[in-house]
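Quick notes on the structure that follows.
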Amino acid sequence: QVQLAESGGGLVQAGGSLRLSCAASGRTFSTYNMAWFRQAPGKEREFVAAISRNSSGTYYANSVKERFTISRDNAKNTVYLQMSSLKPEDTAVYCCAADAVSFYRSYVSRFPGHYSYWGQGTQVTVSP
């Protein structure tokens with residue numbers, strides 16, 4: 001069992017930056033591919049970014065590419081999402097997620113159904 005806890009959300013003006021963190025419990029963090037998803041009011045959950053177990057691969061939604069950067073520190077059991085040039089349309093609850101069967105999957109998934117463990121989320125609000 002893995003518990004995930006996000007932090008770092010808040011209110012920021014358009015064009016600003018935020019850094020989200022997701023701390024994981026347990027000893028198996030380094031075996032999981034990790035991802036960030038977001039959900040805005042009235043919208044479906046959408047993929048934001050993902051990172052492979054050893055950070056060799058990073059993947060982004062087109063809407064955040066070149067503005068957001070995902071990274072991880074396996075020694076600290078933490079995954080990060082650095083967000084810059086924020087836009088009002090980035091406003092959402094951001095959740096991190098862990099793929100518990102990463103070891104058996106040959107790719108880093110963008111599909112939320114492939115992620116077994118989820119944090120509670122952190123609110124990001126971008127004002128115009």
Side-chain angles (χ1 to χ4, degrees):
Q1 189 77 8
V2 173
Q3 292 185 326
L4 304 174
E6 302 93 339
S7 61
L11 174 65
V12 63
Q13 287 188 328
S17 299
L18 280 175
R19 188 195 197 201
L20 305 184
S21 298
C22 171
S25 65
R27 304 179 184 177
T28 54
F29 176 78
S30 62
T31 68
Y32 300 147
N33 293 335
M34 298 294 296
W36 287 94
F37 293 83
R38 68 186 182 186
Q39 188 167 18
K43 295 188 176 180
E44 291 189 354
R45 179 179 288 170
E46 66 170 339
F47 169 79
V48 175
I51 188 167
S52 62
R53 300 188 302 273
N54 61 1
S55 301
S56 61
T58 56
Y59 309 86
Y60 298 94
N62 288 336
S63 59
V64 306
K65 200 172 293 184
E66 298 184 7
R67 298 190 298 122
F68 291 10
T69 301
I70 189 171
S71 61
R72 66 190 296 164
D73 185 338
N74 287 345
K76 296 182 178 180
N77 279 14
T78 302
V79 61
Y80 304 98
L81 186 68
Q82 178 67 48
M83 306 185 294
S84 60
S85 302
L86 283 161
K87 305 175 181 179
E89 51 264 43
D90 294 319
T91 295
V93 174
Y94 285 70
C95 293
C96 64
D99 180 356
V101 295
S102 302
F103 185 81
Y104 304 101
R105 207 187 305 283
S106 61
Y107 59 93
V108 178
S109 177
R110 299 174 180 232
F111 178 53
H114 286 167
Y115 288 83
S116 308
Y117 302 112
W118 292 81
Q120 292 295 312
T122 186
Q123 176 71 45
V124 172
T125 303
V126 184
S127 62

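From a predicted model like this one, the values you see are computed outputs, not experimental measurements.
Shown here is E89, whose CD atom has more than 12 heavy atoms of other residues, nucleotides or ligands within 6.0 Å. Residue Q123 places its CD atom among more than 12 non-hydrogen atoms of other residues, nucleotides or ligands, all under 6.0 Å distant.
No single ILVMFWY cluster, assembled from side-chain heavy atoms under 4.5 Å apart, contains both V93 and L4. Transitive grouping of hydrophobic side chains (ILVMFWY, heavy atoms separated by less than 4.5 Å) keeps Y59 and V64 in distinct clusters. Criterion: ILVMFWY side-chain heavy atoms under 4.5 Å apart, direct or through other members. Under it, Y117 and W36 are part of a common hydrophobic cluster. Two different hydrophobic clusters hold Y115 and I70 under the rule that ILVMFWY side chains link at heavy-atom gaps under 4.5 Å.
We find the OG-NE2 distance between S102 and H114 to be 11.0 Å, quoted to the nearest 0.5 Å. With values rounded to the nearest 0.5 angstrom, D99 atom CG is found 8.0 Å from Y107 atom OH. Interatomic distance, N33 CG to N54 CG, rounded to the nearest 0.5 Å: 9.0 Å.
V124 and G9 make their closest contact through CG2-CA, 4.2 Å (heavy atoms, listed as atom of the first residue, atom of the second, distance). When all heavy atoms are compared, the tightest approach of A98 to M34 is CB-SD, 3.5 Å. Among all heavy-atom pairs drawn from C95 and G119, the shortest one is SG-O, 4.0 Å. Among all heavy-atom pairs drawn from K76 and T78, the shortest one is O-OG1, 2.8 Å.
Using modelled atom types and a 3.5 Å distance limit, the side chains of Q82 and S84 yield no donor-acceptor pair.
Alongside L11, the hydrophobic cluster contains no other residue (criterion: ILVMFWY side chains under 4.5 Å). Taking a 4.5 Å side-chain heavy-atom cut-off between Ile, Leu, Val, Met, Phe, Trp and Tyr, the cluster of Y80 contains only that residue.
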Less than 3.5 Å apart, which donor and acceptor atoms pair up between the side chains of residues 39-51 and the rest of the protein, not counting sequence neighbours?
residue: Q39; atom: NE2; partner: K43; partner atom: O; Å: 3.1
residue: E46; atom: OE2; partner: R38; partner atom: NE; Å: 2.6
residue: E46; atom: OE2; partner: R38; partner atom: NH2; Å: 3.1

I'd like a table of donor-acceptor pairs (distance under 3.5 Å, sequence neighbours excluded) in which one partner is a side-chain atom from residues 16-30, with atom names and distances.
residue: S25; atom: OG; partner: Q3; partner atom: N; Å: 2.9
residue: T28; atom: OG1; partner: Y32; partner atom: OH; Å: 2.9

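For residues 39-73, the set of pairs meeting the disulfide (SG to SG under 2.5 Å) definition, not counting sequence neighbours, is empty. The salt bridge (Lys or Arg N to Asp or Glu O under 4.0 Å) analysis of residues 52-74, with sequence neighbours excluded, yields the pairs R67-D90.
The backbone N or O of V126 sits less than 3.5 Å from a side-chain atom of T91, completing a donor-acceptor pair.
Note: F37 and W118 have tilted aromatic rings, judged against thresholds of 30 and 60 degrees for the angle between ring planes.
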